[in-house]
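A short write-up of the structure that comes next.
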Amino acid sequence: MASRIRNALVGVTALGVVAVGYVGGKEGLKLVTYPDIIGVWTGCYGETKGMHKGMKFTKGQCDSMLVDSLVDHETGMRKCLKNPDAIPDKSYLAFLSGTYNIGVGAFCRSSMARLANLGDLRGACNALMLYVNAGAKKNVRGLVLRRTDEKAMCLEGLK
């Protein structure tokens, strides 16, 4: 399945540039590792893979990691969707942002993926709001704000 974020011939696509800006903006940039809200070591734009205490990064390293990670998350997300290329760009980006934040496995098991596969993109967009908890913490303000924005963009893609 082809990536809508990265093209083998031209590098990052226009949608990829938007995705990097959007997801990067939602995640925020930290050039040193830190424990996230549930204690997982995190760095750059929310990267957790291979992170541990005391790591430091340049913005360029973080930007590169974000692009690679978005493509990895997109690849996993696409495997869970029956017809990912039929999803409008803004809705696709909202699902990718959600996938980057909750992980591919959680997205694939989610009502977002199930509803999208049933052709109910509006319901899939609304289901983003189910992912506002972090561990035992319920209705985390930052996640509520992020999901509200993702949902609005997702629904806007359907107009």
Side-chain angles (χ1 to χ4, degrees), residues 1-7 12-29 35-51 62-159:
M1 290 185 163
S3 170
R4 285 168 66 177
I5 301 300
R6 180 181 281 158
N7 179 296
V12 179
T13 64
L15 181 61
V17 171
V18 172
V20 166
Y22 183 79
V23 175
K26 292 292 171 209
E27 291 288 340
L29 173 61
D36 72 3
I37 191 169
I38 60 171
V40 175
W41 284 103
T42 305
C44 292
Y45 296 102
E47 293 295 324
T48 57
K49 187 175 181 181
M51 296 292 152
C62 290
D63 291 349
S64 180
M65 266 191 261
L66 178 59
V67 171
D68 291 344
S69 190
L70 280 172
V71 172
D72 288 345
H73 282 82
E74 178 194 23
T75 299
M77 179 184 86
R78 289 178 67 83
K79 288 179 182 176
C80 302
L81 296 169
K82 290 181 180 175
N83 195 3
D85 292 327
I87 299 172
D89 283 351
K90 287 185 178 183
S91 303
Y92 188 88
L93 179 54
F95 295 141
L96 178 57
S97 178
T99 301
Y100 182 84
N101 188 245
I102 68 173
V104 171
F107 176 80
C108 290
R109 293 185 301 273
S110 75
S111 52
M112 285 180 282
R114 183 178 53 78
L115 291 166
N117 285 333
L118 291 172
D120 181 4
L121 289 178
R122 186 166 302 282
C125 291
N126 289 327
L128 279 157
M129 295 308 299
L130 298 173
Y131 297 87
V132 295
N133 302 329
K137 296 176 170 103
K138 305 294 182 201
N139 294 310
V140 175
R141 184 177 188 280
L143 290 175
V144 170
L145 294 172
R146 179 181 183 148
R147 298 295 179 252
T148 299
D149 188 62
E150 289 168 343
K151 175 185 165 187
M153 181 174 57
C154 191
L155 292 170
E156 184 179 321
L158 303 181
K159 293 179 181 171

What verdict does the salt bridge (charged side-chain N to carboxylate O under 4.0 Å, His left out) test give for K159 and E156, after you've listed the backbone C-alpha separation in whole Å, the side-chain angles of each residue and the deciding distance to 0.1 Å? CA-CA 5 Å; K159 293 179 181 171; E156 184 179 321; over 6 Å; no
Distance in Å, R4 CZ paired with D89 CG, rounded so as to fall on 0.5 Å steps: 4.5 Å
Among V18, V71, V17, V67, which one satisfies side-chain contact (heavy atoms from CB on, under 4.5 Å) with I5? V71
Hey, could you give me the CE/NZ distance between M51 and K49, rounded to the nearest 0.5 Å? 10.5 Å
Could you pull out the closest heavy-atom pair between C154 and L128, with the gap in Å? CB-CD1, 4.1 Å
Where do R78 and Y92 land on the side-chain hydrogen bond (donor to acceptor under 3.5 Å, both in side chains) test, with the steps shown first? CA-CA 10 Å; R78 289 178 67 83; Y92 188 88; 2.9 Å; yes
Of all heavy-atom pairs between I37 and A134, which one has the smallest distance, and what is that distance? CG2-CB, 3.6 Å
From E27 CD over to C44 SG, what is the distance, rounded to the nearest 0.5 angstrom? 11.0 Å
Considering the options H73, E74, M77, which one meets the side-chain contact (heavy atoms from CB on, under 4.5 Å) requirement together with F95? M77
How close do L115 and A127 get, counting heavy atoms only, and between which atoms? CD1-CB, 4.3 Å
How about Y131 and R146: do any of their side-chain heavy atoms sit closer than 4.5 Å? no
Supply the atom-to-atom distance L66 CG to E47 CD, rounded to the nearest 0.5 angstrom. 6.5 Å
Just how far is it from atom CG of L143 to atom CE of M129, taken to the nearest 0.5 Å? 9.5 Å
Side chains of M65 and Y45 in contact at under 4.5 Å (non-hydrogen atoms): no
Would you mind reporting whether R122 and C125 have side-chain heavy atoms less than 4.5 Å apart? no
P88 side chain reached by L121 side chain, heavy atoms, under 4.5 Å: yes
Inter-residue atom distance E150.CD - L96.CG, 0.5 Å rounding: 9.5 Å
Does N101 reach the side chain of R147, with side-chain heavy atoms less than 4.5 Å apart? yes
Hey, is the main chain of A94 close enough, under 3.5 Å, to the side chain of S97 for a donor-acceptor pair? no
Compare every heavy atom of L130 with every heavy atom of S111, then report the nearest pair and how far apart it is. OG-CD1, 3.3 Å
Would you say the side chain of Y100 lies within less than 4.5 Å of the side chain of L70, judging by non-hydrogen atoms? yes
Taking all heavy atoms of N133 and all of N139, pick out the closest pair and write down the distance. OD1-N, 2.8 Å
Sub-4.5 Å side-chain heavy-atom contact between V20 and D63: no
Option from T75, T13, D68 for which side chain to side chain donor-acceptor pair (under 3.5 Å) with R6 holds: D68
N117 (side chain) donor-acceptor with K82 (main chain) under 3.5 angstrom: yes
